[in-house]
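All values below come from the heavy atoms of this structure, side chains included, with hydrogens, waters and symmetry mates left out. Chain letters run A, B, ... following the sequence lines, proteins first and then strands; every chain starts at 1.
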Amino acid sequence: DTAVSQTPKYLVTQMGNDKSIKCEQNLGHDTMYWYKQDSKKFLKIMFSYNNKELIINETVPNRFSPKSPDKAHLNLHINSLELGDSAVYFCASSQDVRTEAPYEQYFGPGTRLTVT
Amino acid sequence: AQSVTQLDSQVPVFEEAPVELRCNYSSSVSVYLFWYVQYPNQGLQLLLKYLSGSTLVESINGFEAEFNKSQTSFHLRKPSVHISDTAEYFCAVSDFMNTGFQKLVFGTGTRLLVSP
């Protein structure tokens, strides 16, 4: 059984288009994340939701909008795609992090977005 | 805010040789440290973590890391590497926010290249 799944795995689109990436976790976790990994493998957090509530919103263009319909899903919608948005986007989940001990984050397989 | 430095972007090594991947973090009163591994075209997997207690932590596949508070380091070592250890390795530190939540801050990654 896949713990954290993302769709699609590959996404090729043209500049100016709007696209969405979906993420689902079946681990019963409360917290979900979106990360962006650029061509140099640098990994940076974009957003995090805890029980459908936005808790982390890093400096990300407002063309990116996360949506969490329930705590098992966190989708990422991107408007007006630009060349610089090309990257691998990873979804992750963990238990509620509002405790002393941080919990392991489980990552999805990634979505490779190519904007042409 | 926490930060993580991985000085080596790439470490080439021959099979069965020992290896050390370096990681330094910015100082903090309390710190939780992690090593994640990313195999080609896959998501990240937790390799090992330091939360408290023994400063030497081990993974199931022969890697170990030692928390050194005075040197603010968490270097990853393996006495004898295999071809299958070829991957990207990320050091991460848990950054506490004033909201009570935590986030992971990743280093820039070290590519371990094991050749026969």
Side-chain angles (χ1 to χ4, degrees), chain A residues 2-7 9-10 21 23-25 27 29-51 53-60 87-112, chain B residues 1-6 8-11 21 23 25 28-53 57 59-60 86-113:
Chain A
T2 304
V4 181
S5 59
Q6 295 178 229
T7 54
K9 190 169 175 63
Y10 299 97
I21 307 171
C23 178
E24 177 181 1
Q25 53 95 3
L27 299 167
H29 287 163
D30 295 306
T31 310
M32 296 184 71
Y33 313 79
W34 276 112
Y35 289 87
K36 179 180 180 181
Q37 186 176 48
D38 62 24
S39 58
K40 295 184 179 180
K41 299 288 188 179
F42 182 61
L43 196 67
K44 192 174 190 311
I45 191 167
M46 300 172 68
F47 302 102
S48 178
Y49 272 73
N50 187 76
N51 278 319
E53 177 189 354
L54 181 66
I55 59 172
I56 297 174
N57 186 350
E58 295 291 288
T59 308
V60 178
V88 181
Y89 292 84
F90 287 102
C91 177
S93 72
S94 73
Q95 295 180 46
D96 193 324
V97 295
R98 288 174 296 177
T99 61
E100 288 285 325
Y103 291 102
E104 174 182 354
Q105 290 189 19
Y106 292 79
F107 283 77
T111 296
R112 183 174 295 277
Chain B
Q2 291 278 8
S3 64
V4 175
T5 302
Q6 293 180 251
D8 305 307
S9 60
Q10 188 167 292
V11 173
L21 306 184
C23 172
Y25 61 93
S28 177
V29 175
S30 62
V31 61
Y32 304 120
L33 294 155
F34 306 81
W35 275 100
Y36 280 81
V37 59
Q38 183 180 25
Y39 297 105
N41 298 314
Q42 294 186 26
L44 279 74
Q45 303 171 36
L46 181 69
L47 191 60
L48 45 77
K49 61 187 175 186
Y50 170 78
L51 302 182
S52 64
V57 290
S59 72
I60 58 173
T86 293
E88 194 86 21
Y89 291 80
F90 292 92
C91 183
V93 63
S94 187
D95 192 10
F96 290 83
M97 301 180 291
N98 55 14
T99 57
F101 288 99
Q102 304 168 36
K103 64 178 182 180
L104 284 182
V105 176
F106 285 87
T108 50
T110 297
R111 177 175 291 275
L112 176 62
L113 289 169

- prompt: By a 4.5 Å heavy-atom criterion (distance strictly below it), what part of B:Q45 contacts chain A: side chain, backbone, both, or neither?
  reply: neither
task: Examine whether an atom of B:E88 lies under 4.5 Å from a heavy atom of chain A, and if so say whether it belongs to the side chain, the backbone or both; otherwise answer neither.
output: side chain
message: Quick check on the 6.0 Å ring-centre criterion: do A:F42 and B:F106 meet it?
response: no
statement: Among A:I56, A:V4, A:I45, A:V88, the residue with the most heavy-atom pairs under 4.5 Å to chain B is A:I56
Non-hydrogen atoms of chain B under 4.5 Å away: do they reach the side chain of [X], the backbone, both or neither?
X	result
A:Q6	neither
A:L43	both
A:K9	side chain

- line: dist A:F107:CZ -> B:Q42:CD (nearest 0.5 Å) comes out at 13.5 Å
Is the shortest heavy-atom distance from the side chain of [X] to the side chain of [Y] under 4.5 Å?
X	Y	result
A:Q105	B:F34	no
A:I55	B:K103	no
A:K41	B:F90	yes

message: Quick one, B:L104 with A:Y35, criterion side chain to side chain contact (heavy atoms under 4.5 Å, CB included). Give me CA distance, side-chain angles, the key distance, then yes/no.
response: CA-CA 10 Å; B:L104 284 182; A:Y35 289 87; 3.9 Å; yes
